[in-house]
Amino acid sequence: MEIPHLTENNALYPRHLSHVLIEALTDTPVVCLLGPRQSGKTTLARSLDPDRVYVSLDEQNFHHLALEDPTGFIRGLPDRVTLDEMQRAPGLLTEIKRAVDEDRRPGRFLLTGSANLLFLPQVAESLAGRMEIVYLHPLTEAEKERNPGNFLRALLDGGLESGISTKREEAILLAERLVSGGYPEPIGRTPVRARRWHRQYIRSLIDRDVRDISRIR
């Protein structure tokens, strides 16, 4: 099985969750990055380590092999690998558990998925104690502005000014930020084009993801 290596991929936005993932990979065999589709999971996962092999189960050949021969698929992987879109082949989780029981070195598997893999009915045995789950949400306002973000710290330290601004310009800007959301792809588009992207996004969830995880109770 020939697996493509990541050559170059720079994250467009700094994600505050990066250090959490890096720390988890230093002491946990399986780390799972969960979050909505298009929230930036793949970009974040691929930007962490350029030497880690990346395999997307969206690719037809990999998807077919993972479904037909999950044991051979996992045994054919290198020592450290990122498996993207794991919800498309949840049967691999049982084989990952078996592989980790044989070799518990940390950082072996970095998984990403747009569904909560723990709820998938194909997972017969728990990965408790072997896997850490990290949840990625769409971009925060601080991430969109490429700032570290210290709202909570300032709030707890009493460093925020009291009162609500009544300036019309600031109110309009706040409303625009609220409705623009945090998905990276539509940021920077015109409002009309952004609305069209969000409509297509919802349609994709209905047509694809719901079908992939339709057996979730």
Side-chain angles (χ1 to χ4, degrees), residues 1-9 11 21 24-25 28-136 185 200-201 203-217:
M1 178 175 59
E2 182 179 354
I3 299 176
H5 285 259
L6 175 64
T7 56
E8 182 179 358
N9 186 21
L21 274 178
L25 289 168
T28 308
V30 184
V31 178
C32 184
L33 180 62
L34 294 182
R37 184 175 291 277
Q38 295 294 321
S39 59
K41 299 184 303 298
T42 300
T43 301
L44 174 57
R46 299 190 72 177
S47 68
L48 291 178
D49 182 0
D51 295 327
R52 177 181 286 271
V53 173
Y54 170 83
V55 177
S56 174
L57 293 175
D58 265 345
E59 294 188 25
Q60 184 175 358
N61 291 337
F62 291 142
H63 185 225
H64 176 76
L65 181 58
L67 295 180
E68 293 296 319
D69 183 15
T71 301
F73 182 87
I74 294 300
R75 292 192 179 276
L77 295 175
D79 291 338
R80 297 185 304 128
V81 63
T82 296
L83 294 177
D84 200 6
E85 303 295 349
M86 271 296 300
Q87 77 278 355
R88 303 212 66 206
L92 291 179
L93 289 172
T94 301
E95 298 303 322
I96 289 175
K97 174 185 179 296
R98 184 176 292 114
V100 168
D101 286 344
E102 296 174 356
D103 182 355
R104 296 184 70 92
R105 282 178 297 170
R108 290 192 61 193
F109 296 95
L110 173 58
L111 315 178
T112 78
S114 53
N116 193 330
L117 302 179
L118 295 182
F119 293 159
L120 291 171
Q122 295 93 329
V123 183
E125 298 182 63
S126 172
L127 281 168
R130 305 170 181 87
M131 179 171 69
E132 179 171 341
I133 299 179
V134 179
Y135 294 93
L136 180 71
E185 185 64 28
Q200 293 289 338
Y201 176 83
R203 188 171 296 117
S204 175
L205 292 182
I206 295 173
D207 293 342
R208 180 179 178 177
D209 285 357
V210 171
R211 181 179 65 249
D212 282 344
I213 62 175
S214 59
R215 293 179 61 193
I216 290 180
R217 294 182 181 178

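Between the OG1 atom of T112 and the CG atom of L44 there is a distance of 10.0 Å, given to the nearest 0.5 Å. Atom CZ of R88 is separated from atom NE2 of H63 by 4.0 Å, given to the nearest 0.5 angstrom. The line from CZ of R104 to OG1 of T28 is 9.5 Å long, rounded to the nearest 0.5 Å. Between I74 atom CD1 and K97 atom NZ the span is 13.5 Å, to the nearest 0.5 Å. Note that OH of Y135 is 13.0 Å distant from NZ of K41, once rounded to the nearest 0.5 Å.
Using a 4.5 Å heavy-atom threshold, the side chains of L136 and L21 count as separate. Counting only heavy atoms from C-beta outward, the side chains of L67 and L65 never approach each other to under 4.5 Å. Under the 4.5 Å side-chain criterion, counting only non-hydrogen atoms from C-beta, V31 is not in contact with F109. Counting heavy atoms from C-beta outward, D84 and R46 have side chains that stay 4.5 Å or more apart. Using a 4.5 Å cut-off on side-chain heavy atoms (C-beta onward), L110 and L48 make contact. Looking at heavy atoms from C-beta onward, L25 lies out of side-chain contact with R80 at the 4.5 angstrom threshold.
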(message) Let's go through E85 and R37 carefully: what are the C-alpha distance in whole Å and the side-chain angles of both, what is the deciding distance for side-chain contact (heavy atoms from CB on, under 4.5 Å) to 0.1 Å, and is it a yes or a no?
(response) CA-CA 9 Å; E85 303 295 349; R37 184 175 291 277; 3.4 Å; yes
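By the 6.0 Å contact criterion, CD on Q60 is open, its count of non-hydrogen atoms from other residues, nucleotides or ligands being 12 or less.
Between R75 and E95, none of the side-chain N atoms (NZ, or NE/NH1/NH2) sits under 4.0 Å from a carboxylate O, so this pair counts as no salt bridge. Salt bridge present: R130 and D101 bring a charged side-chain N and a carboxylate O closer than 4.0 Å.
Applying the side chain to side chain contact (heavy atoms under 4.5 Å, CB included) test between L77 and each of V53, L92, L83, I96 identifies L83 as the sole match.
What you find for G91 and P70 is that their closest heavy atoms are O-CB, 4.5 Å. Minimum interatomic distance between F62 and F73 (heavy atoms only, all atoms of both residues): O-CE1, 3.8 Å.
Checked by atom type and distance alone, the side chain of S39 pairs as donor or acceptor with a backbone atom of P36 at under 3.5 Å. Under the 3.5 Å distance criterion, the side-chain polar atoms of R105 are left unmatched by any main-chain donor or acceptor of D79.
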